[in-house]
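Atoms considered below: every heavy atom in the structure, side chains included; atoms not considered: hydrogens, waters and symmetry mates. Just follow the structure's listing: the first ligand is 1, and inside any ligand the first atom is 1. All residue numbers in this chain count up from 1 along the given sequence.
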Amino acid sequence: MTDDNHLFLRACRREPVGRTPVWIMRQAGRYLPEYQALRRRYSFLELCENAGAATEATLLPVEILDLDAAILFSDIMVPVRAMGLDVEFDPGPKLVRPVRTAADVARLSPPDALATMPFVAEAIREIRRRLGGRCPLIGFAGAPFTLAAYVVEGGHSKTFSRALSLLHGEPATLEALLDVLAETVVRHLEMQVRAGVDAVQLFDTWAGLLSEDAYRRFELPVVRRIATTIASQGVPVVLYANGASHLLAAMAESGATVLSVDWRLPLDRVRSIVGDGVALQGNLDPFALHASPQAIKEAVEDVLRRAGRTGHVFNLGHGIHPEAPLDGVRAMIRAVKDISSDHARMEKEKAS
Ligand code: CP3
C-alpha cells in the first residue's frame, strides 16, 4: 500500500496524515442501488456465506464511493450460526431457538473458526487480491454483550428485556454466556487476521443499555480480553458502541486502539473524557445525510474541527440507513476529503 492508501491505518495509530480517512459503517447496504441488485441475485445469507458474493458486496461501496477502507461483508451473527445455533434473517437476525437457561448456555462451545467459516478466510484473501493495496480491509465481530442480547432475546428488540433480566436474575448464566461468546469472537478475529485483514472492529451496538457498573462488571473484562489479544498481534482494534456516552471512560480502558462513537457527544467532549491514549472514529449523525449539500459540508467541517487533525477516522455515528440519499453520501465524502486536506495544507504552510 502507498502512503495515501495507509491513511486509515495511520489515523488509527495517531500518526500524521495528509487528510482524514473516511469510510461508512454498513457501507455495503440497501442505500446503494448496486447492493440492491446484488441482493436480487443472492439471499442475505448467501452474501455472507459465499466467498465470491461476499467479495462483490465488500468491493461495491469502495469502488462506487472511493472510500479509504473496505469492510468485510458479513454479519455479527455469522459466528453464532457457526456455534450451531439456527439464525435466520428477516432482515434482522432471528433465532429459531433462543438461549434462555443455564442448561442452554452449558450446551454451547466455541467453534473452530476456520473449519466452520472457511468462506470468511476465502473472502478475505480474494478481497485483498482484488483490492491490490488500494486501501486496507477491516474485519469485524460483534462484542459479547451485543451477541448475547440477540441470542437471549431471539431477535431484535427495543428493550432487550430478557437479556437484561438475565443479567440481574441469573448473573452467573450471563457471565458464562459472555465467556463462550468472547472465546468464539477471539477465534473468529484471529482467523480473520491470519487470512489478512489490516484492522478489526468490534461492534457493541447494545452496550449502551448497560449501566456503567454493569458494563465494567460484565462486558469490559471480555471486551478487554478480545481487544488486547488482537491488538498484541499488531492489528488496530476499533471498538464501537451506540448510545454509550456514559461508558466512554470505561471503554478507554479496554485496550482498543480506536473508539468509534455515536453522534450524541461532539468529539472534543469525547476527547476530554477518554484522554489521548486512543484514536477516535465518527461521528456524523446518520440523518445529517438528509440535509442540503451546504449543510452537510458545514456539519462535516464541525466534526473535523472538533476531532482535531491527528487520530481521527471520519465515519457516521451508526450504520448508514437504507433511506440515506446517495447525493448526501457523496457530499459528505467530498467534504471530508476537501476540508481535511485544506486544513493539512494550511498547517504545513504555517509551519514552514
Ligand atoms: O459495514 C458493512 O458494510 C459490513 C457489513 C455488515 C452488516 N452487518 C451487513 C448487513 C456489518 C458490519 C454488520 C454488523 C451488524 N449486524 C451489527 C452491528 C452494527 C450496527 O448496525 O449496529 C448488527 C447489530 C447486526 C445485526 C443485524 N444484521 C441487523 C439488526 C440487521 C437488520 C438491519 C437492517 O438493515 O434492516 C442485519 C441484516 C444486515 N446486515 C443487512 C446488511 C447489509 C441488511 C440485510 C439485507 O440486505 O436485507
Enquirer: Return all side-chain donor-acceptor pairs below 3.5 angstrom for residues 315-324, not counting sequence neighbours, or 'none' if the list is empty.
Expert:
unit_1 : atom_1 : unit_2 : atom_2 : d
N315   : OD1    : M25    : N      : 2.9
N315   : ND2    : W23    : O      : 3.3

Enquirer: Per the salt bridge (Lys or Arg N to Asp or Glu O under 4.0 Å) rule, what does the pair list look like for residues 277-296, sequence neighbours excluded?
Expert: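 Applying salt bridge (Lys or Arg N to Asp or Glu O under 4.0 Å) to every pair that reaches into residues 277-296, excluding sequence neighbours, yields nothing.
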
Enquirer: Kindly indicate whether the side chain of D338, heavy atoms from C-beta on, has any atom under 4.5 Å from the side chain of R19.
Expert: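 The answer is no, as the side chains (C-beta and beyond) never meet within the 4.5 Å cut-off.
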
Enquirer: Is there a donor-acceptor contact under 3.5 Å linking the side chains of E347 and H343?
Expert: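 Note: E347 and H343 side chains miss the donor-acceptor criterion.
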
Enquirer: Got the residues with a heavy atom under 4.0 Å of ligand 1, by chain and number?
Expert: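 Close residues (ligand 1, cut-off 4.0 Å): M25, R26, Q27, A28, R30, Y35, R39, F44, I71, L72, F73, S74, D75, I76, P91, G92, P93, F140, Y150, F203, T205, H318.
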
Enquirer: Which residues pass the ring-ring contact (aromatic ring centres under 6.0 Å, His included) test with Y215, not counting sequence neighbours?
Expert: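 Counting only residues at least two positions away or on another chain, Y215 forms no ring-ring contact (aromatic ring centres under 6.0 Å, His included).
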
Enquirer: Using the rule that two of Ile, Leu, Val, Met, Phe, Trp, Tyr join whenever any of their side-chain heavy atoms come within less than 4.5 Å, decide whether V80 and F203 are in one cluster.
Expert: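 Looking at the clustering, F203 is in the same group as V80.
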
